[in-house]
Amino acid sequence: MEIDIRAVRRLRESAGAQAAIEPMVEALCRYEVDLTAVRAVCDWIQYRSNFREIAMVRPVLATDAALLASTGAAQASVEGYELAMDLRRCARPETDVAAEVTAALSDAVHVTDGTGAGVGGLGGGAGDRVWLEPWVPGSASCVWRFNALYWQALAAWEKATGKEYEQSLPGGESDARNAAAAREVILDLFSCWDELASRRALPEELYVIELGVGNGGQARTWLDEFAELDHRHGRDYYRRLHYLMGDYSAHVLDRARAEVAHHGNHVSGLVLEATKLSGSVGFLAGKAFLVYISNVYDNLPSDEVAVIRGRTYLVQTRSYLPGAAADEIAAGFGLGRAEIAQLTERLLRIGPELLAESLPEKFTDTGQAVQFWRAVWQALRQAERYVPLQGLDTYLITPAVTGEILRPLLAAEGNVRMHVSNGALSSFADTLPLLHPFGRMVCHDLFTTRPGDYRDGFFGPGKYDGSVVNWVNGPLLQLIASRRGFDVRFSTFKQRSASNVKTLTVQVRD
Ligand SMILES: C[S@@+](CC[C@H](N)C(=O)[O-])C[C@H]1O[C@@H](n2cnc3c(N)ncnc32)[C@H](O)[C@@H]1O
């Protein structure tokens, strides 16, 4: 049996975490299971709200099962198991670690989903659950539909919670509103523009685009600072400035437009999908002096891949509600348990307002539909399993990038599991061509910066209020950029150095 602890610092610091290892091993040894086929992986899941149980079992499908799994065939054989533990919750005095492990192992005996009979008595199925979707790669999970719904119906959610989304970000405020950080970016732009102007090479139109604008706080801070600094600088750049705000939520864009209304026609709002930019903002190719993004990449869909004992696997997920939570929701809303999955699907399709309008006998008003949404979201968990990848080149990260690009990152780290950051990679690859040869991209977000980071930390997914947070695989973005002739730099976010947020800066290589 292997035990992989991906939280070494936490283990050192927490006596509770240290004490959790022994009962975990004892519970495993008591169970009728072939321990040679079991790995235990201990993470410290820092997100209080997340998609995991304290202990869960993840089947590792056999190589010959890949095809079956991809075609959804009923029987896929299992060649091993991973017991995944959240050390943070195990370290709490009230957690009975052995009982959690035993419950996870016995849940795995109840085969309900066709992953087949497995190793030493474990089936790899699940106990009492209400499934919300079939097995899918992480990026295709319904949690991303929940995420999109959150931004589309933000006003209704915030009305129900009584707090604005920014309050659930670490620090209670977005770093995007940091005026000092904005000033630094603007002054850099001015020196670039001064230089181009002195060579008569500065275009008349000066384009800046921001992706994922939220409440418009970032745009407002940036534009206010810009107008003020330009006034002092005296080169009349503000007159030539076009600030484009792009977001997939029309509601969010309306809010952002109101926030920057005093900047008049210097600003335009565009509804766009950040992961597919070439269609919507292709007209900017080679013209953007600044692409500005904050806290968006960590909010885009991602798969995860893992290397286990030298083989590469794709992590498949399947969202569910634990049976007890489903019963509570059913009782609270006067529903049958069997209706929950269907109503959730409908909610994701039409949103809380139309859900209430179309089913007044179940939801008296939008507020009640939002309460249903919140209850389902809070209870939502994800089962996981590992499906062998037949070859990295057969796995498409985006329509244009194959999994081959992951090879150097995976090869260096032994047993490792990492994000593929499909959405961020797609968006990033589509952004690079927009940059003017002297332009730059500045992105404040949660990045891993070395492949080895994944061996000693948990990087999502977690839940921020109604949205999903996943750290972004920085070395992967670096690889894509360097192949296309761009330099990528990561730096700590100077203005709040204690935060996990890093600044990624991208420029054409000199
Ligand atoms: C966490 S907020 C960040 C807002 C702001 N940039 C800040 O830092 O405070 C994420 C923003 O990204 C937008 N967003 C998320 N996924 C998107 C996608 N696939 N396409 C376009 N916008 C997206 C959301 O609507 C939301 O406005």
Side-chain angles (χ1 to χ4, degrees), residues 139-141 143-155 157-158 163-179 181-182 185 208-223 243-260 269-281 290-302 351 398 421-431 441-447 460-472 493 495-496 499-504:
S139 64
S141 167
V143 301
W144 298 106
R145 295 172 68 204
F146 276 95
N147 187 70
L149 181 63
Y150 175 74
W151 296 114
Q152 307 295 342
L154 188 61
W157 180 284
E158 287 181 341
K163 56 177 191 170
E164 293 208 10
Y165 80 84
E166 261 192 72
Q167 290 171 263
S168 56
L169 297 176
E173 180 180 295
S174 169
D175 288 320
R177 289 213 269 130
N178 189 295
V185 171
V208 169
I209 178 164
E210 181 190 343
L211 300 175
V213 294
N215 56 16
Q218 166 167 343
R220 182 185 184 131
T221 304
W222 200 89
L223 284 160
Y243 191 99
L244 307 178
M245 301 189 301
D247 203 286
Y248 69 174
S249 161
H251 165 73
V252 154
L253 269 178
D254 283 347
R255 263 201 208 182
R257 276 195 201 97
E259 191 68 17
V260 294
L270 297 170
V271 175
L272 54 75
E273 170 52 60
T275 60
K276 294 189 195 95
L277 293 174
S278 49
S280 52
V281 285
L290 175 66
V291 180
Y292 201 34
I293 312 176
S294 141
N295 298 319
V296 179
Y297 280 3
D298 64 359
N299 198 228
L300 298 178
S302 179
T398 73
S421 303
N422 312 59
L425 196 78
S426 225
S427 185
F428 184 70
D430 271 7
T431 298
M441 171 178 174
V442 174
C443 181
H444 307 301
D445 222 316
L446 296 167
F447 292 103
K463 299 178 194 170
Y464 275 166
D465 209 8
S467 68
V468 183
V469 57
N470 253 327
W471 291 49
V472 179
F493 186 73
Q495 286 73 18
R496 195 162 69 88
S499 94
N500 286 321
V501 171
K502 295 211 168 53
T503 302
L504 160 131

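Remember, it's a predicted structure, so these values are computed and weren't measured experimentally. The figures that follow rest on heavy atoms only: side chains count, while hydrogens, waters and symmetry mates do not. When a ligand or atom number is given, it counts from 1 through the structure's own listing order.
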I need the contact type for Tyr248 against ligand 1. Using non-hydrogen atoms and a strict under-4.0 Å cut-off, is it side chain, backbone, both or neither? both
Counting N and O atoms only, with roles assigned by atom type, does the side chain of Ser421 sit under 3.5 Å from a partner on the main chain of Ala424, one being a donor and the other an acceptor? no
Below 4.0 Å from any atom of ligand 1, is there a heavy atom belonging to Tyr165? yes
Tell me, do Tyr150 and Val468 make a side-chain contact under 4.5 Å, heavy atoms counted? no
Give the numbers and elements of all ligand 1 atoms closer than 4.0 Å to a heavy atom of Leu300. 16 (N), 17 (C), 18 (C), 19 (N)
Top protein contact for atom 5 (C) of ligand 1, by heavy-atom distance: Gly212 O, 3.6 Å
Need the ligand 1 atom indices (1-based, order shown) with element for anything under 4.0 Å from a heavy-atom of Val296. 12 (O)
Polar contact flag for Glu166 and ligand 1 (N/O pairs, less than 3.5 Å): no
How far does OG of Ser139 sit from CG of Asn422, to the nearest 0.5 angstrom? 4.5 Å
Quick one: nearest non-hydrogen protein atom to atom 27 (O) of ligand 1, plus distance? Asp247 OD2, 2.6 Å
Counting from 1 in the order shown, the ligand 1 atoms closer than 4.0 Å to a non-hydrogen atom of Leu272 are 20 (N), 21 (C)
re atom 20 (N) of ligand 1, the protein heavy-atom contact at minimum distance is Ala274 N, 2.9 Å
Minimum side-chain heavy-atom gap Ile293-Leu504 below 4.5 Å: no
Return yes or no for this condition: an N or O of Gly246 is under 3.5 Å from an N or O of ligand 1. no
Side chain Asp430, main chain Ser278, donor-acceptor under 3.5 Å: yes
Taking the six-membered ring for Trp, are Trp222 and Tyr243 parallel (under 30°), tilted (30 to 60°) or perpendicular (over 60°)? tilted
State, with a plain yes or no, whether a side-chain heavy atom of Val472 is found less than 4.5 Å away from one of Phe428. no
Ser294 N/O under 3.5 Å from ligand 1 N/O: yes
Counting from 1 in the order shown, the ligand 1 atoms closer than 4.0 Å to a non-hydrogen atom of Gly214 are 4 (C), 27 (O)
Working to the nearest 0.5 Å, report the span between CD of Glu259 and CE of Met245. 9.5 Å
Glu273-ligand 1 polar pair, N/O distance under 3.5 Å: yes
I'd like to know if the side chain of Asp247 and the backbone of Ser249 have a donor-acceptor N/O pair within less than 3.5 Å. yes
Contact check: Asn147 vs ligand 1, nitrogen or oxygen atoms, below 3.5 angstrom: no
Does the side chain of Leu300 come within less than 4.5 Å of Ser427's, by heavy atoms? yes
Please state which protein non-hydrogen atom is closest to atom 15 (C) of ligand 1 and give its distance, to 0.1 Å? Asn299 OD1, 3.3 Å
Tell me, do Arg255 and Leu154 make a side-chain contact under 4.5 Å, heavy atoms counted? yes
When you measure from atom 1 (C) of ligand 1 to each heavy atom in Thr221, Asp298, Val501, Asn295, which option holds the nearest one? Asn295
Taking only heavy atoms of Val252 into account, list the atoms of ligand 1 that are under 4.0 Å away from them. 27 (O)
Report yes if the distance between the aromatic ring centroids of Tyr165 and Trp151 is under 6.0 Å, otherwise no. yes
Shortest protein contact, atom 9 (O) of ligand 1 (heavy atom only): Ser174 OG, 2.8 Å
For atom 2 (S) of ligand 1, what's the nearest protein heavy atom and its distance? Trp151 CH2, 3.4 Å
